[in-house]
There are 2 protein chains.
Amino acid sequence: MARAGLTAERVTEAAAELADAVGFENITVSALARSFGVKDASLYSHVRNLQDLRERVALLSAGELADHIAAAVAGRAGKDAMIAFANAYREYALAHPGRYAATQIQLEPAALAALAKKSTAYARNVELTHAMLRAYRLTEPDLTDAGRLLRSAFHGYITLEANGGFSHSRDVQTSWERALDALHLLLEQWPSEPSRHAAEEEGI
Amino acid sequence: MARAGLTAERVTEAAAELADAVGFENITVSALARSFGVKDASLYSHVRNLQDLRERVALLSAGELADHIAAAVAGRAGKDAMIAFANAYREYALAHPGRYAATQIQLEPAALAALAKKSTAYARNVELTHAMLRAYRLTEPDLTDAGRLLRSAFHGYITLEANGGFSHSRDVQTSWERALDALHLLLEQWPSEPSRHAAEEEGI
DNA sequence: CATTTTTCCTAGGACCCCTAGGCATTTGCT
DNA sequence: AGCAAATGCCTAGGGGTCCTAGGAAAAATG
């Protein structure tokens, strides 16, 4: 019988496709085997187990996401860069929901270490965030704090949007653009110290 | 043989416990049955199927979350209310990760409609957000936009935190407090129109 | 062409979801 | 209290998934 020509890469790629189609949580070794016209046991020559498969999809996707963002941000600075970053991030997440979900799982330290040589897609994402923020002249620890807030807002907005969390009639695209305007403003005036006003009102 | 005394409520409650222990995605009818010392087929008298069980946990949790927030916000206004809201939200999510994850699934319209009489926990959460924001004197559509950004930031921060997305050494609690300060500032100066500055730079 | 390696297979165990149908316990009615 | 009805939990069983062990055929290597 002619062989299917499987490799770890092809399997991972197909798993990513499947994830986008049915959701990352719902990918299954059986379905993957069916899509190759192969018995499920055959896949275990290329992938250790389901968890391993998921981690491979996660690493693939994180790399793609970083590439997509890097391409969008290249040559831009300041607000332009921030907007481009945010839109690239959202585009990828909405176009590839399964892959994006994959990037959110926490990897085994082993999996991370094994792929450290591949310029860890994960670290790149954090680097990209920091590079983008440097235009706002923030220094540590503000850089980390602002980066966390920004990534939280992006990630939160996109997952809520994708899960139907925004039931209101207000247009989602417009809200997104307004959110980016607001975040830009926030970065320009990042409060370097906890507001004194609040501290006074708190104490008694 | 003595009966276990199951009801839909007790089963749902136990499922919520289980979700907090092993993760919402990993709750299983079998494990639940074992925890009651009962065969798994027995649970299907109280719960239609696994999806039904998940929806029940989601509704239970959404109600608890709304209660927790409402209690924290009661009697507060302005920044106090915003901080209390945010901290209550985060507390619940970190203390009950499985339940919190449950609140993020999208419910069947049928499930929502069936529970509409129970003052839909979901609508209450949106209401609470809007009530909190009214102190900032925002009007529609800014109210919706700001609410979406705020919920996104909270949700995003918490899920990233829970999934180990903040690997940096900077203290997570401090970052959170700084994020709340920043968001307060943002709400006080919410930009009612897209910034003209950006519009000029965009065009050519 | 012979040997080694790789790819894919069959067989099978463990766990899970869910349905059908039956006995036993509890409840409600007279 | 006694009896019927409703309910709670059971056994039996089918189908799906993950994964391992060991074998056969194809491909790669000498």
Side-chain angles (χ1 to χ4, degrees), chain A residues 1-60 98 101-102 105-108 110-111 114, chain B residues 1-60 98 101-102 105-108 110-111 114:
Chain A
M1 188 192 281
R3 292 193 180 175
L6 303 183
T7 65
E9 285 68 29
R10 286 195 62 200
V11 169
T12 304
E13 180 63 36
E17 296 286 325
L18 184 60
D20 284 337
V22 306
F24 180 68
E25 305 302 329
N26 301 319
I27 66 177
T28 175
V29 176
S30 305
L32 207 53
R34 274 194 296 275
S35 81
F36 280 111
V38 146
K39 300 296 171 186
D40 43 350
S42 305
L43 294 186
Y44 288 88
S45 308
H46 308 279
V47 156
R48 268 207 313 285
N49 50 34
L50 183 59
Q51 164 149 6
D52 180 40
L53 178 66
R54 287 189 162 134
E55 285 170 357
R56 284 170 188 270
V57 174
L59 287 167
L60 168 70
I105 65 171
Q106 44 188 347
L107 297 177
E108 294 292 315
Chain B
M1 187 191 281
R3 292 193 181 175
L6 303 183
T7 66
E9 284 70 28
R10 286 195 61 198
V11 169
T12 304
E13 179 64 35
E17 297 286 325
L18 184 60
D20 285 336
V22 305
F24 179 67
E25 305 302 328
N26 301 319
I27 65 177
T28 174
V29 175
S30 304
L32 207 54
R34 272 194 298 275
S35 81
F36 280 112
V38 146
K39 301 296 172 185
D40 42 350
S42 305
L43 294 186
Y44 289 88
S45 309
H46 307 280
V47 157
R48 267 206 315 285
N49 51 33
L50 182 60
Q51 163 149 5
D52 180 41
L53 177 66
R54 286 188 161 133
E55 285 170 357
R56 285 170 187 270
V57 174
L59 287 167
L60 168 69
I105 66 171
Q106 42 188 348
L107 297 177
E108 296 292 313

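The figures here come from the full heavy-atom set of this structure, side chains too, leaving out hydrogens, waters and symmetry mates. Reminder, nothing fancy here: chain letters follow the sequence lines and each chain counts from 1.
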Does D/dG16 have OP1 or OP2 under 4.0 Å away from a side-chain N or O of A/Ser30?
no

To the nearest Å, give me how far apart CG (B/Asn49) and P (D/dG15) are.
19 Å

Assess whether side chain to side chain contact (heavy atoms under 4.5 Å, CB included) is satisfied between B/Arg56 and B/Asp52, documenting all intermediate values.
CA-CA 6 Å; B/Arg56 285 170 187 270; B/Asp52 180 41; 3.2 Å; yes

B/Leu43 atom CG is separated from D/dT11 atom P, nearest whole Å, by 14 Å

Separation of C/dC15 atom P from B/Leu32 atom CG, nearest Å, is 18 Å

Output the rounded distance in Å from CD (A/Gln51) to P (D/dT17).
20 Å

Report the nucleotide, chosen from C/dC16, D/dT20, D/dC9, that has the shortest atom-to-atom distance to any side-chain atom of A/Tyr44.
D/dT20

Picking from D/dT17, C/dC8, D/dC10, the nucleotide nearest the side-chain atoms of A/Leu6 would be C/dC8

C/dT19, OP1 or OP2 - any side-chain N/O from B/Arg48 closer than 4.0 Å?
no

OP1 or OP2 of C/dT6 less than 4.0 angstrom from a side-chain nitrogen or oxygen of A/Ser45, does that happen here?
no

Where do A/Leu53 and A/Leu43 land on the side chain to side chain contact (heavy atoms under 4.5 Å, CB included) test, with the steps shown first?
CA-CA 10 Å; A/Leu53 178 66; A/Leu43 294 186; over 6 Å; no

Which atom pair, heavy atoms only, marks the closest approach of B/Ala102 to B/Ala58?
O-CB, 3.3 Å

Under-4.0 Å side-chain N/O to phosphate OP1/OP2 contact, B/Arg34 with C/dC15:
no

For D/dT7, does OP1 or OP2 lie under 4.0 Å from any side-chain N or O of B/His46?
no

Which heavy atom in A/Ala15 sits nearest to a heavy atom in A/Ile27, and how many Å separate them?
O-CG2, 3.9 Å

Send over the distance from B/Arg10 CZ to D/dT7 C1', rounded to a whole Å.
16 Å

Nearest to the B/Ala41 side chain among D/dA12, D/dC18, C/dC9, which nucleotide is it?
D/dA12

Distance test, side-chain N/O of A/Thr28 to OP1/OP2 of D/dC18, below 4.0 Å:
yes

Tell me the interatomic distance from A/Leu53, atom CG, to D/dC18, atom P, rounded to whole angstroms.
9 Å

So do A/Glu13 and A/Glu9 actually touch side chain to side chain, heavy atoms under 4.5 Å?
no

Does A/Ser42 make a side-chain N or O approach to OP1 or OP2 of C/dT7 shorter than 4.0 Å?
no

Rounded to whole angstroms, how far apart are CG on B/Asn26 and C1' on D/dC18?
14 Å

Separation of C/dC9 atom C1' from A/Asp40 atom CG, nearest Å, is 11 Å

The side chain of A/Lys39 is closest to which nucleotide in this list: C/dC18, C/dT10, D/dC9?
C/dT10

